[in-house]
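Take a look at the structure below.
Remember, predicted model here, so these are calculated numbers, not experimental data. Numbering of ligands and ligand atoms starts at 1, following listing order.
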Amino acid sequence: MSIKKIFLDEREMPSTWYNIVADMPNKPLPPLHPGTKQPVGPEDLLPLFPMALIQQEVSMERDIQIPEPVMDAYRVYRPTPLVRAYGLEKALDTPARIYYKYEGVSPSGSHKPNTAIAQAYYNSLEGVKKITTETGAGQWGTALSYACQLFGIECEVYMVKVSYNQKPYRRHIMNLFGSQVFASPSDRTHAGRTILQRDPSNQGSLGIAISEAVEMAAADPSTKYALGSVLNHVLLHQTIIGQEAKKQLEMAGDYPDIVIAPLGGGSNFAGLAFPFLKDNLTEGKNIRCIAVEPASCPKLTRGEFKYDFGDTMGLTPLLPMFTLGHDFMPPDIHAGGLRYHGASVLCSQLLKDGLIEAQAKQQIPCFEAGVLFAKTEGIVPAPEANHAIAQVIEEAHKAKESGESKTILFNLCGHGHFDMTAYQDYFAGKLHNHELAQEVITGSIAGIQNLQPV
Ligand SMILES: *Cc1c(COP(=O)(O)O)cnc(C)c1O
């Protein structure tokens with residue numbers, strides 16, 4: 001009998017997160033203070049994050065207990081299903097076995113609640129009254145809004161103005177969960193007012209929205225800030241995905257040769273891949289873990305490993321990562337969650353050490369892949385997830401050519417129900433592939449040479 005969906009019993013949900021730092025051959029370099037170029041200490045981060053999350057950020061412990069209230073909240077939508085993509089396999093006429101882990105069943109439709117719930121919980125334990133954050137198209141803002149109301153915390157979201165106006169549905173969901181949502185740049189912060197003075201019609205950017213959220217949190221002791229990707233503790237919380245997938249594949253009697261996920265900041269890739277990478281690092285296994293980025297924002301494949309700011313305005317500590325430079329402005333592609341100039345410190349170090357692989361994909365073939373997936377598997381993928389699917393299809397074709405029966409696992413990190421304008425634009429022929437000139441990248445990276453420690 002061929003099983004389509006592999007469900008894990010609630011009682012078998014993993015009860016710890018996996019911290020890959022314990023098993024990394026080269027530990028991540030420390031974040032640096034931009035002024036002194038000295039490592040930042042936990043106390044430097046306290047105005048923005050609760051102590052429990054700062055401790056997770058620097059932890060070397062391999063397995064970190066998931067608190068019971070977080071487990072309870074996870075049980076609303078976890079364990080998520082692992083699905084064998086028979087329909088896609090058949091359409092590709094491939095001997096490869098293709099599985100996907102489906103995170104779109106969460107309250108916000110993506111993997112983001114896995115960390116939003118944990119972050120809201122730890123903030124509530126330390127008496128935090130309000131959390132500020134930024135959001136682009138709204139995936140992260142929705143997840144955090146849901147999580148904050150679970151734990152009785154107010155949530156204030158700075159949403160990039162162009163999305164605030166063009167994509168009202170996610171904003172309405174954030175309001176439904178009780179959050180206040182402001183179009184950024186706003187007149188509520190110094191950062192926002194400065195930008196509006198210079199350019200009253202500024203449509204905003206993630207960098208500006210981060211600056212506004214950070215400024216509001218820093219100004220009030222009972223308010224903290226939350227980030228939905230990039231940081232070590234965020235990646236840690238997402239490892240529930242891969243640990244579940246491992247158990248589910250075992251139930252199917254299978255084991256992956258290739259693990260694939262899209263990469264914006266690195267959290268859903270890490271979430272799926274790190275628990276498998278553990279087998280490479282500790283048991284001599286040889287799984288290929290491939291992070292897929294957009295060709296229009298290619299930090300992993302064309303960026304450089306350097307110290308750089310995490311935000312556009314230069315408010316964060318300097319992080320050692322693959323980056324295109326914090327001034328890099330990616331073309332306006334439809335996978336909004338992947339338009340970030342850098343990659344998480346953990347993913348960057350692993351790539352530098354040759355322990356993971358990276359690929360870049362143009363957006364039109366990604367939408368082609370997403371449409372084929374929707375037709376054959378019945379789920380409309382988020383445009384971000386289409387990058388993984390395009391890579392899966394490439395690997396499935398290679399398996400066909402070589403006649404090898406590979407097992408491929410990928411992260412269907414979200415559904416695309418709020419991204420139908422993107423699909424509409426694709427069908428209307430309005431999308432373009434972007435050839436990114438090398439001068440643009442070189443120029444933008446030249447701008448961060450002065451940030452490097454000597
Ligand atoms: C936010 C988001 C991403 C990108 O963020 P990562 O931290 O790299 O996972 C990818 N897909 C979806 C659906 C998202 O919401």
Side-chain angles (χ1 to χ4, degrees), residues 80 100-116 119 133-146 159-160 163 167 170 173-174 206 209-210 226-242 259-274 289-294 297-300 310 321-322 330 333-348 350-351 356 358 360-361 363 366 370 373 379-391 410-419 422:
T80 62
Y100 58 92
K101 182 71 168 155
Y102 186 40
E103 292 294 304
V105 295
S106 86
S108 65
S110 79
H111 62 286
K112 295 228 166 59
N114 298 334
T115 185
Q119 292 192 46
T133 199
E134 71 288 336
T135 198
Q139 278 281 13
W140 168 240
T142 310
L144 190 68
S145 299
Y146 170 75
M159 185 171 187
V160 176
S163 302
K167 300 180 180 168
R170 281 208 180 274
I173 300 183
M174 290 185 259
L206 259 188
I210 295 177
L227 202 60
S229 183
V230 180
L231 296 180
N232 301 355
H233 68 264
V234 178
L235 274 58
L236 173 77
H237 301 152
Q238 293 295 353
T239 59
I240 183 91
I241 303 174
V259 173
I260 298 173
L263 187 140
S267 76
N268 90 85
F269 169 78
L272 182 68
F274 284 7
C289 296
I290 310 173
V292 192
E293 63 184 4
C297 194
K299 58 266 188 153
L300 299 175
M321 60 182 179
F322 276 93
I333 55 160
H334 271 296
L338 306 183
R339 293 178 74 242
Y340 181 65
H341 66 273
S344 85
V345 171
L346 296 179
C347 293
S348 294
L350 291 164
L351 181 64
I356 62 172
K361 289 268 174 287
Q363 67 174 346
C366 287
F373 184 85
I379 299 172
V380 179
E384 290 85 356
N386 289 346
H387 290 71
I389 299 170
Q391 187 66 33
F410 77 96
N411 209 2
L412 187 56
C413 51
H415 67 64
H417 295 175
F418 295 101
D419 303 289

Based purely on interatomic distance, does Gly266 place a nitrogen or oxygen under 3.5 Å from a nitrogen or oxygen of ligand 1? yes
Qualifying residues under salt bridge (Lys or Arg N to Asp or Glu O under 4.0 Å), relative to Glu103, sequence neighbours excluded: Arg78
Looking at side-chain heavy atoms only, is the closest gap between Ile241 and Thr80 below 4.5 Å? no
May I ask you to identify the nearest protein heavy atom to atom 4 (C) of ligand 1, giving residue, atom name and distance to one decimal place in Å? Gly337 O, 3.2 Å
Among Leu236, Leu231, Val230, Asn232, which residue satisfies the side-chain contact (heavy atoms from CB on, under 4.5 Å) criterion with Val234? Leu231
What protein heavy atom lies closest to atom 7 (O) of ligand 1? Include the residue and the distance to one decimal. Ser229 OG, 2.5 Å
N or O contact, Cys413 vs ligand 1, cut-off under 3.5 Å: no
Please answer whether the main-chain N or O of Gly310 pairs with a side-chain N or O of Tyr340 as donor and acceptor at a distance below 3.5 Å. yes
Part of Leu263 within contact of ligand 1 (heavy atoms, under 4.0 Å): backbone
Subset of ligand 1 atoms that lie under 4.0 Å from at least one heavy atom of Ser267: 6 (P), 7 (O), 8 (O), 9 (O)
Option from Thr115, Leu346, Val345, Asn268 for which side-chain contact (heavy atoms from CB on, under 4.5 Å) with Leu235 holds: Leu346
For atom 10 (C) of ligand 1, which candidate among Glu384, His415, Gln139 provides the closest heavy atom? Glu384
Return yes when His111 approaches ligand 1 closer than 4.0 angstrom through a heavy atom, no otherwise. yes
Under 3.5 Å, is there a donor-acceptor pair between the side chain of Glu384 and the main chain of Pro262? no
Return the orientation label for the Phe418 and His415 ring planes: parallel under 30°, perpendicular over 60°, tilted otherwise. tilted
Among protein heavy atoms, which sits nearest to atom 15 (O) of ligand 1, and what does the distance come to when rounded to 0.1 Å? Lys112 NZ, 2.6 Å
Identify the closest protein heavy atom to atom 8 (O) of ligand 1: which residue and atom is it, and at what distance? Gly264 N, 2.7 Å
